[in-house]
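For clarity, every value in this text was computed on a predicted model and none was experimentally measured. Just so it is clear: chains get the letters A, B, ... in the order the sequence lines come, proteins before strands, and each one is counted from 1.
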Protein chains: 2
Amino acid sequence: MPRAGLDTAAVVAAGADLADEVGAGRPTMAMLAERLGVRTPSLYKHVAGQEDLNRRIAALAMSEAGEAVGTAVQGRAGRDALAAAARAFRTYVVDHPGRYGTTIGMEPAGPEDPLAAGSRRVLEPLLAVLRGYDLPETDETHALRMLRSLFHGFATLESAGGFQWSTDIDESFEWLIDFVDRGLRSG
Amino acid sequence: MPRAGLDTAAVVAAGADLADEVGAGRPTMAMLAERLGVRTPSLYKHVAGQEDLNRRIAALAMSEAGEAVGTAVQGRAGRDALAAAARAFRTYVVDHPGRYGTTIGMEPAGPEDPLAAGSRRVLEPLLAVLRGYDLPETDETHALRMLRSLFHGFATLESAGGFQWSTDIDESFEWLIDFVDRGLRSG
DNA sequence: CACGGCTGGCTAATGGACTTAGCTTTTAGT
DNA sequence: ACTAAAAGCTAAGTCCATTAGCCAGCCGTG
């Protein structure tokens, strides 16, 4: 009987793919095992259980989202950087709704939690974007929270089909970038 | 054997309470039945299943949130109305994290879905707030989506413990209201 | 007041999911 | 080649959601 050659990263990656296909929170250990060509209990050699798997998927999603935003921001500043960051984040979430959705409602268990580290990877480039505007230092945290809330909220609502009218969503998104840019410049 | 005297509304209300206590998506039919002093299968006389229960909880949450925001906005205009709406929404979500969390990622099944009706109850007063600003009509939908995204994102992140530094969250929230108000006035 | 039907409860049973325990075989290092 | 850890497996336990089918309490009619 040949070995499947799995490791934790492979299991988590497959779980993340599965979440993107069937929706956040929907994948079961059984589905994942079948996809990996392995029996369900074998998964427990690589992850501690469903809870652990989900935490790892969420951390992966955060880290990937952070990388996408970071890359998009490289070499840009001001409105350009803001728009690039926003679009990169939205694109990531729309392309990976399941794994990103796994992050929702999950509390980091402490500053050492990989999930918290992933969050920081997202926040870092956003902070860099804000540095391109002339904000009083005390406002930086507030603005950062605003950006995160706005991007997170928009992407989450969009990927859940939460915007009802026919008005073009892309258009709303560009409007939103403009709105934030103007607000930050006049701050 | 005396009757428990349940009906659909009572079951949904108890489910919503339970969600607030143990977290969105966590309540089981078994827990709910025990709390209602009834055996699990009896719940199916009032609710079609777990999926149906969650949809009803979500619809209830939306409707309640809409009512809270609507009441808060009554008799106010401009910045006042915006601030009242924002605070009412945030307060509702913080006080009822489980039932509000149940709405996340749930797609309305059509315009007749009570969940969609609940969403409209939230959007209505927000639209009224926007009417207090001088926006071009084409911007109204965009602004509405922005408000919804921002409030939803902020409240969701907050109630999941997603804001990491020690900077006061209330302060960020007030800053955010101010930011939006300024942006809408200069629109 | 009797009574018949609906309604809301119950028990029993099925199927599926997560998880643990314990065994076996591959594989990597000496 | 030999050993030991790692990675698979089967078997089994628990819990949950759901369906089927039964029975008793309530309501309205005669």
Output the rounded distance in Å from [atom1] ([X]) to [atom2] ([N]).
| X | N | atom1 | atom2 | answer |
| --- | --- | --- | --- | --- |
| A/Arg39 | C/dT25 | CZ | C1' | 16 Å |
| B/Leu53 | D/dT18 | CG | P | 10 Å |
| A/Leu32 | C/dA17 | CG | P | 13 Å |
| A/Lys45 | C/dT20 | NZ | P | 12 Å |
| A/Leu43 | C/dA17 | CG | P | 13 Å |
| A/Glu34 | C/dC18 | CD | P | 13 Å |
| B/Met29 | D/dT19 | CE | C1' | 14 Å |
| A/Glu51 | C/dT19 | CD | P | 9 Å |

### Task
Return no unless some side-chain N or O of A/His46 is found under 4.0 Å from OP1 or OP2 of D/dG8.
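It does, given that an N or O in the side chain of A/His46 lies less than 4.0 Å from OP1 or OP2 of D/dG8.
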### Message
Just N and O in the side chain of B/Ser42: are any of them under 4.0 Å from OP1 or OP2 of C/dC10?
### Response
yes
Can you tell which of [options] lies closest to the side chain of [X]?
| X | options | value |
| --- | --- | --- |
| B/Ala30 | C/dC10, D/dT10, D/dC16 | D/dC16 |
| A/Tyr44 | C/dC18, D/dG8, D/dA17 | C/dC18 |
| A/Pro41 | D/dA20, C/dG9, D/dA11 | D/dA11 |

### Query
In terms of the angle between their ring planes, are A/Tyr92 and A/His96 parallel, tilted or perpendicular, with boundaries placed at 30° and 60°?
tilted
### Task
Using the six-membered ring wherever Trp is involved, compare the ring planes of B/Phe163 and B/Phe154 and label them parallel, tilted or perpendicular (cut-offs 30° and 60°).
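It falls in the tilted class, 30° to 60°.
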### Query
Got more than 12 heavy atoms from elsewhere within 6.0 Å of CZ, B/Arg39?
no
### Query
Got more than 12 heavy atoms from elsewhere within 6.0 Å of CD, B/Glu34?
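No - once you tally the heavy atoms of other residues, nucleotides and ligands closer than 6.0 Å, there are 12 at most.
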### Query
With a 4.5 Å limit on heavy-atom distance, are the side chains of A/Leu176 and B/His142 in contact?
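No - every pair of side-chain heavy atoms lies 4.5 Å or more apart.
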### Query
Pick the nucleotide of DNA chain D nearest each of A/Leu6 and B/Gly49; which residue has the one closer to the 5' end?
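The answer here is A/Leu6.
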